[in-house]
Amino acid sequence: MPELAEVEYYRKRWDPALGQTVARVILRPASRLLRGANPKHLSEALTGAVLESSAAAAKQMLFRFSGDAWLGIHLGMTGELKLAAPEYLVGKHDHLVLFTAQHALVFSDFRQFGRIQFSVGPEAPDWWTSIAPPVLSSEFTPEAVAGFLRRRQRAPIKAVLLMQERFPGIGNWMADEILWRAEIHPKRPAGSLSPDEIQALWREARWVCREALRTVGQDLRDPPRTWLFPHRWENGGVCPKTGVPLVREEIGGRTTCWSPGRQKLKPGKKSTRASRSRAR
DNA sequence: TCCTATGTTGTATG
DNA sequence: ACATACAACATAGG
């Protein structure tokens with residue numbers, strides 16, 4: 001499920017336990033999500049520690065505990081966090097459960113594409129501090145986007161939008177939403193975009209991130225029917241702008257949905273005063 | 001049975 | 001060295 005806004009939503013689910021002490025740590029035995037990290041190390045450091053803060057960036061979450069302990073969680077494709085009562089019984093797909101006196105903090109992930117990271121030290125871990133600057137930050141500029149597209153010029157723009165090193169937090173549905181709003185065909189080579197199209201891509205990337213955080217990020221509520229979002233998985237779904245049936249095809253290894261006609265494969269020639277007069 | 005799934009990563013190839 | 005493409009990971013549900 002999780003892209004930028006969903007991750008932000010899940011992050012907040014453990015917040016009622018801020019300031020509380022972890023009494024017991026349950027890790028799924030030999031959990032794949034640890035990727036070789038030492039489970040004993042994690043359990044020992046978190047047992048008796050206080051949850052002090054949480055943060056989300058891109059598709060990552062970071063939870064800081066007393067004793068300079070840092071817990072990182074990536075939800076992968078099917079991960080989720082939830083808050084449960086302290087009597088909670090650990091479920092089949094749970095990978096980490098932290099019990100406080102008042103709550104159980106649960107991380108479950110049935111497909112196991114997620115990840116648990118853990119470190120101890122005065123500074124936030126490298127994997128966290130090296131996350132690319134957010135799409136909604138001032139460092140995410142049209143120039144930065146243009147430079148990135150130039151280096152990835154032969155790859156389809158859809159695949160490029162999924163690259164976390166420049167578009168942190170953008171996932172499959174957000175990428176399609178952005179391209180649909182910017183009226184750019186997902187198969188267009190990244191290097192073929194005009195300056196106007198790059199500007200539109202930049203603008204819509206920021207718009208989609210901001211609005212997704214306001215809707216999905218608050219309470220997992222679906223964005224309105226005016227978005228591509230609620231139509232993209234529907235059988236027989238139509239473009240909410242043009243009424244034309246949406247198309248689905250695999251691009252860059254991911255199912256991609258777009259509105260034919262609105263998003264053209266040929267670089268859109270801009271209709272200018274000069275071109276209109278030439279056409280006459 | 002076969003197909004799909006809001007993600008990343010290792011590996012092969014250009 | 002860099003860019004690109006794609007299988008692999010593991011599980012459930014239609």
Side-chain angles (χ1 to χ4, degrees), chain A residues 1-11 13 28-37 56-61 72-81 91-95 107-117 127-128 130-132 135 147-180 186-192 205 208-209 211-213 215-223 227-237 246-258:
Chain A
M1 276 169 88
E3 300 180 24
L4 183 78
E6 290 92 345
V7 170
E8 172 60 11
Y9 167 78
Y10 284 118
R11 173 192 71 83
R13 283 189 136 182
R28 183 190 227 230
S31 173
R32 201 186 112 74
L33 305 210
L34 282 169
R35 303 292 207 287
K59 299 173 190 171
Q60 306 267 1
M61 291 176 285
I73 290 181
H74 192 297
L75 297 171
M77 197 81 108
T78 52
E80 65 175 56
L81 299 192
K92 182 179 171 193
H93 299 302
D94 295 347
H95 289 263
F107 170 31
S108 58
D109 178 12
F110 74 81
R111 273 179 81 182
Q112 302 179 211
F113 290 173
R115 184 162 191 180
I116 297 171
Q117 280 161 297
W127 63 261
W128 173 260
S130 62
I131 293 173
V135 170
F148 189 74
L149 300 198
R150 216 173 301 126
R151 277 195 292 127
R152 310 295 183 149
Q153 53 182 324
R154 308 184 71 91
I157 186 63
K158 166 63 186 280
V160 173
L161 267 180
L162 294 175
M163 295 179 180
Q164 300 298 295
E165 68 224 73
R166 178 45 71 193
F167 302 99
I170 305 291
N172 205 29
W173 79 253
M174 291 180 86
D176 284 357
E177 187 76 37
I178 291 163
L179 291 171
W180 176 73
K187 275 187 190 165
R188 292 272 305 283
S192 75
V208 168
C209 284
E211 294 304 314
L213 285 168
T215 53
V216 184
Q218 288 306 305
D219 50 15
L220 276 200
R221 132 177 53 122
D222 279 359
W227 289 41
L228 177 64
F229 180 96
H231 306 272
R232 52 166 286 136
W233 293 287
E234 279 175 6
N235 260 337
L246 295 166
V247 173
R248 254 176 283 171
E249 191 180 319
E250 187 159 302
I251 301 175
R254 309 298 301 281
T255 299
T256 300
C257 176
W258 73 92

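Order of the sequence lines sets the chain letters (A, B, ...), proteins ahead of strands, with each chain counted from 1. As the structure is a computational prediction, the values presented were derived from the model and not from experiment.
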Minimum heavy-atom distance between A:Gly79 and A:Pro2, given as atom pair plus value: O-CG, 4.1 Å
So if I take residues 228-236 of chain A and measure heavy-atom distances to DNA chain B, which residues fall below 4.0 Å? A:Trp233
Roughly how many Å is it from [atom1] in [X] to [atom2] in [N], rounded to a whole number?
X	N	atom1	atom2	answer
A:Lys59	B:dT8	NZ	C1'	9 Å
A:Ile73	B:dT8	CD1	P	15 Å
A:Arg150	C:dA3	CZ	C1'	16 Å
A:Gln60	B:dT8	CD	P	8 Å
A:Met163	C:dA3	CE	C1'	8 Å
A:Ile251	B:dA5	CD1	P	13 Å
A:Met77	B:dA5	CE	P	8 Å

Could you list all N or O pairs between the protein and nucleotides 6-13 of chain C that sit under 3.5 Å apart?
unit_1 : atom_1 : unit_2   : atom_2 : d
C:dC9  : O3'    : A:Arg32  : NH1    : 3.3
C:dA10 : O4'    : A:Arg111 : O      : 3.3
C:dA10 : O3'    : A:Gln112 : OE1    : 3.4
C:dA10 : N1     : A:Arg111 : NE     : 2.9
C:dA10 : N1     : A:Arg111 : NH2    : 2.7
C:dA10 : N3     : A:Arg111 : NE     : 3.3
C:dT11 : OP1    : A:Gln112 : OE1    : 3.2
C:dA12 : OP1    : A:Lys92  : NZ     : 3.0
C:dA12 : OP1    : A:His93  : NE2    : 3.2

Readout for nucleotides 9-14 of chain B: B = base within 4.0 Å of protein heavy atom, S = sugar-phosphate only, - = neither; 5' to 3' it is S-----
Do [X] and [Y] make a side-chain contact, defined as non-hydrogen atoms from C-beta onward lying under 4.5 Å apart?
X	Y	value
A:Arg154	A:Pro189	no
A:Val160	A:Phe167	yes
A:Trp127	A:Gln60	yes
A:Leu220	A:Glu6	yes
A:Arg11	A:Leu81	no

At 4.0 Å (heavy atoms only), tell me whether A:Pro189 reaches a base, stays on the sugar-phosphate, or touches nothing. nothing
Only Watson-Crick and G-U wobble pairs, only distances under 3.5 Å, only runs of 3 or more: what stems does that leave for DNA chain C? B:2-5 with C:11-14, B:7-14 with C:2-9
Could you list the residues that satisfy ring-ring contact (aromatic ring centres under 6.0 Å, His included) with A:Trp180, not counting sequence neighbours? none
Against the side chain of A:Thr255, the closest entry in B:dT4, C:dA5, C:dT4 is B:dT4
side-chain hydrogen bond (donor to acceptor under 3.5 Å, both in side chains) partners for A:Gln164, two or more places apart: none
Hey, is A:Arg152 close enough to A:Glu165 for a salt bridge, meaning N to O under 4.0 Å? yes
Plane angle bin for A:Phe107 and A:His95 - parallel if under 30°, tilted between 30 and 60°, otherwise perpendicular: tilted
Between atom CZ of A:Phe113 and atom CG of A:Leu75, what is the distance when rounded to the nearest 0.5 Å? 14.0 Å
For B:dT8, does OP1 or OP2 lie under 4.0 Å from any side-chain N or O of A:Gln164? yes
